Amino acid sequence: MPEGPEIRRAADQLAAAMGDKPLTDVWFAFPQLKTYEPALLGETINAFETRGKALLTHFSNGLTLYSHNQLYGVWRVVPTGTEPQTNRQLRVRLANVDQTILLYSASDIALLNADTLAAHPFLQRVGPDVLDVTLTEQTVRERLLSAPFRRRQFSGLLLDQAFLAGLGNYLRVEILWHAGLLAQHRAQDLSETQLDRLSQAMLAVPRLSYKMRGSMKKYHAEAAFRFEVFHRQGKKCRRCGSIIEKGVLSSRPFYWCPGCQK
DNA sequence: ATAGGCCTGGAC
DNA sequence: GTCCAGGCCTAT
């Protein structure tokens with residue numbers, strides 16, 4: 001369940017399912033987490049927080065479950081007592097009397113306290129979250145122009161969670177199309193107008209994706225975020241009619257419109 | 001900046 | 001079986 005908007009949507013669903021009801025079942029697959037099961041039983045969940053693609057489940061006793069879904073982890077919500085049949089590896093189960101949340105396949109899971117949370121290697125280095133409503137275009141613009149980010153090509157910069165948290169490959173591709181920029185460009189070389197367009201797109205595109213309930217059509221068949229270039233190689237750009245191209249940048253698939261992005 | 005490895009599931 | 005993927009870490 002990959003990029004920031006999808007993780008945040010999952011967090012919303014988990015929060016709605018668990019509410020503030022006490023936990024009646026706590027189960028972890030990993031042996032080193034099993035010792036925490038009794039301590040969490042009867043506790044409640046204070047909040048599901050996201051920091052980019054990391055999900056933090058804060059329990060009422062002060063512990064926090066850190067989980068990162070990488071490319072493959074997935075959360076499910078089911079009525080308690082109706083665990084689905086699946087080939088996926090169950091890693092976490094938390095339940096109250098009504099609802100059960102299940103985390104499958106994720107391998108990057110830890111239980112943290114206030115101290116270890118602050119010291120966590122990923123959380124320590126992530127930048128501001130693009131879905132944080134207090135993050136403004138002005139702040140993004142200043143960050144783009146600050147050292148060392150100003151010298152870095154967008155191909156790598158937009159995937160770097162230390163720059164901004166929550167962007168991933170489809171958002172990188174879509175943001176650069178919306179801003180009309182090439183992945184080889186650097187902030188230090190942009191005009192004022194280009195900087196405005198980029199900082200605007202960096203917030204607007206992920207926020208629109210979140211509003212549209214993410215990009216994952218398999219899970220949200222109705223209305224998903226619409227890609228303009230991602231996975232559209234060989235098709236016509238809806239803005240200029242040019243044929244969309246595909247390549248590899250920062251060892252990830254990259255898509256662009258040669259007519260719109262120069 | 002880039003390559004390779006890790007982890008897992010789905011498409012083929 | 002093979003390859004690819006929306007991620008991220010480490011080594012170079």
Side-chain angles (χ1 to χ4, degrees), chain A residues 1-11 29-30 32 50-56 66-76 84-92 102-110 119-127 129-131 147-178 182-189 202 205-210 212-221 224-233 246-256:
Chain A
M1 272 276 282
E3 306 185 22
E6 289 77 19
I7 300 297
R8 177 66 72 86
R9 274 289 166 186
F30 297 145
Q32 65 272 28
T50 58
R51 296 199 197 165
K53 297 158 203 165
L55 176 64
L56 302 179
Y66 169 94
S67 58
H68 196 299
N69 282 0
Q70 282 261 12
L71 296 179
Y72 35 79
V74 56
W75 284 96
R76 292 273 157 75
Q85 182 86 15
T86 174
N87 289 328
R88 284 176 171 270
Q89 293 293 313
L90 183 63
R91 296 292 159 76
V92 176
L102 305 160
L103 175 58
Y104 293 97
S105 304
S107 53
D108 190 7
I109 299 170
H120 188 279
F122 182 83
L123 298 177
Q124 209 172 30
R125 60 179 283 276
V126 285
D129 191 319
V130 288
L131 294 182
F149 303 126
R150 66 195 316 274
R151 284 191 300 273
R152 294 182 45 191
Q153 295 180 354
F154 298 140
S155 52
L157 183 66
L158 270 63
L159 294 177
D160 186 349
Q161 304 300 296
F163 172 58
L164 288 177
L167 302 183
N169 200 35
Y170 87 71
L171 288 170
R172 164 177 84 150
V173 163
E174 295 293 310
I175 286 168
L176 290 175
W177 179 86
H178 278 276
L182 289 171
Q184 295 77 11
H185 285 153
R186 297 164 160 83
Q188 66 183 6
D189 302 322
M202 286 179 132
V205 175
R207 287 170 184 186
L208 176 64
S209 178
Y210 171 71
M212 300 301 289
R213 320 179 86 240
S215 66
M216 302 185 69
K217 279 180 277 204
K218 323 182 225 198
Y219 302 115
H220 307 294
F225 175 72
R226 188 170 83 156
F227 295 132
E228 297 294 345
V229 280
F230 189 73
H231 286 176
R232 294 196 71 238
Q233 71 274 24
K246 180 183 181 183
V248 173
L249 279 176
S250 301
S251 58
R252 315 302 313 279
F254 187 79
Y255 307 79
W256 76 100

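In the text below, chain A, chain B and the rest are named by the order of the sequence lines, each starting its count at 1. Just so it is clear, the model here is predicted, and its values are computed rather than measured.
Taking every side-chain heavy atom of His68(A) into account, dC8(C) is the closest of dG6(C), dC8(C), dT8(B). The nucleotide whose nearest atom lies closest to any side-chain atom of Tyr72(A) is, among dA1(B), dT8(B), dA5(C), dT8(B). Checked against dA1(B), dG9(B), dA5(C), the side chain of Arg186(A) finds its nearest nucleotide in dA1(B).
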Close N/O contacts between protein and nucleotides 9-12 of chain C (under 3.5 Å):
from, atom 1, to, atom 2, distance (Å)
dC9(C), OP2, Arg125(A), NH1, 3.1

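Residues Val130(A) and Leu171(A) fail the side-chain proximity criterion, which asks for heavy atoms closer than 4.5 Å.
Using a cutoff of 4.0 Å between basic side-chain nitrogens and carboxylate oxygens, Asp160(A) and Arg125(A) are scored as salt-bridged.
In Asp189(A), the CG atom is crowded: over 12 heavy atoms of neighbouring residues, nucleotides or ligands sit closer than 6.0 Å.
For Gln89(A) and dG10(B), the CD to P distance is 12 Å, given to the nearest whole Å. Atom-to-atom, CG of Leu123(A) to P of dC8(C) comes out at 12 Å; the value is rounded to the nearest Å. Here the P atom of nucleotide dA5(C) and the CD atom of Gln233(A) are 9 Å apart, to the nearest Å. Between the P atom of dG7(C) and the CD1 atom of Ile109(A) lies a distance of 18 Å, rounded to the nearest Å. Rounded to whole angstrom, the span from the CG atom of Leu249(A) across to the P atom of dA3(B) amounts to 11 Å. A straight line from CZ of Phe254(A) to C1' of dT2(B) spans 17 Å, rounded to a whole angstrom. If you measure from atom CG of Asn169(A) to atom C1' of dC4(C), you get 13 Å, rounded to the nearest angstrom. Between the C1' atom of dC8(C) and the NE2 atom of His120(A) lies a distance of 12 Å, rounded to the nearest Å.
Residues Ser209(A) and Phe225(A) share a closest heavy-atom pair of CA-CD1, 3.6 Å. In this structure, Ile7(A) and Pro2(A) approach most closely via the heavy-atom pair CG1-O, 3.3 Å. In this structure, Ser67(A) and Leu103(A) approach most closely via the heavy-atom pair CB-CD2, 3.9 Å. Between Arg150(A) and Arg186(A) the shortest heavy-atom distance is O-CB, 3.7 Å. Heavy-atom minimum distance, Arg232(A) versus Tyr255(A): N-CD2, 4.2 Å. The two residues Pro5(A) and Tyr170(A) make their nearest non-hydrogen contact at CG-OH, 3.9 Å.
Looking at heavy-atom distances under 4.0 Å, Arg172(A) makes no contact with the nucleic acid at all.
A close approach under 4.0 Å does not occur between any side-chain nitrogen or oxygen of Lys246(A) and OP1 or OP2 of dC4(C). At dC8(C), one or more side-chain N or O atoms of Lys53(A) fall inside 4.0 Å of OP1 or OP2 (strictly under the cut-off). Residue Ser251(A) has no polar side-chain atom (N or O) positioned under 4.0 Å from OP1 or OP2 of dT2(B). OP1 and OP2 of dA1(B) both lie 4.0 Å or more from every side-chain N or O belonging to Arg151(A). Here Arg88(A) does not reach the OP1 or OP2 of dT8(B): none of its side-chain N or O atoms lies under 4.0 Å away. Taking side-chain N and O atoms only, Arg252(A) has a distance below 4.0 Å to OP1 or OP2 of dG6(C).
Remark: dC7(B) base-pairs with no nucleotide; criterion is Watson-Crick or G-U wobble with both hydrogen-bond distances under 3.5 Å. Across all strands shown, the partner of dA11(C) is dT2(B), judged by Watson-Crick or G-U wobble contacts whose two distances both fall under 3.5 Å.
Within residues 153-168 of chain A, the residues that have a heavy atom under 4.0 Å from DNA chain C are, in order of number, Gln161(A), Gly168(A).
In this structure, the side chain of Arg172(A) does not engage the main chain of Leu158(A) through any donor-acceptor pair within 3.5 Å. Under a 3.5 Å cut-off, the side chain of Glu3(A) and the backbone N or O of Gly52(A) do not form any donor-acceptor pair.
Below the 3.5 angstrom threshold, one finds a donor paired with an acceptor across the side chain of Gln70(A) and the base of dG7(C).
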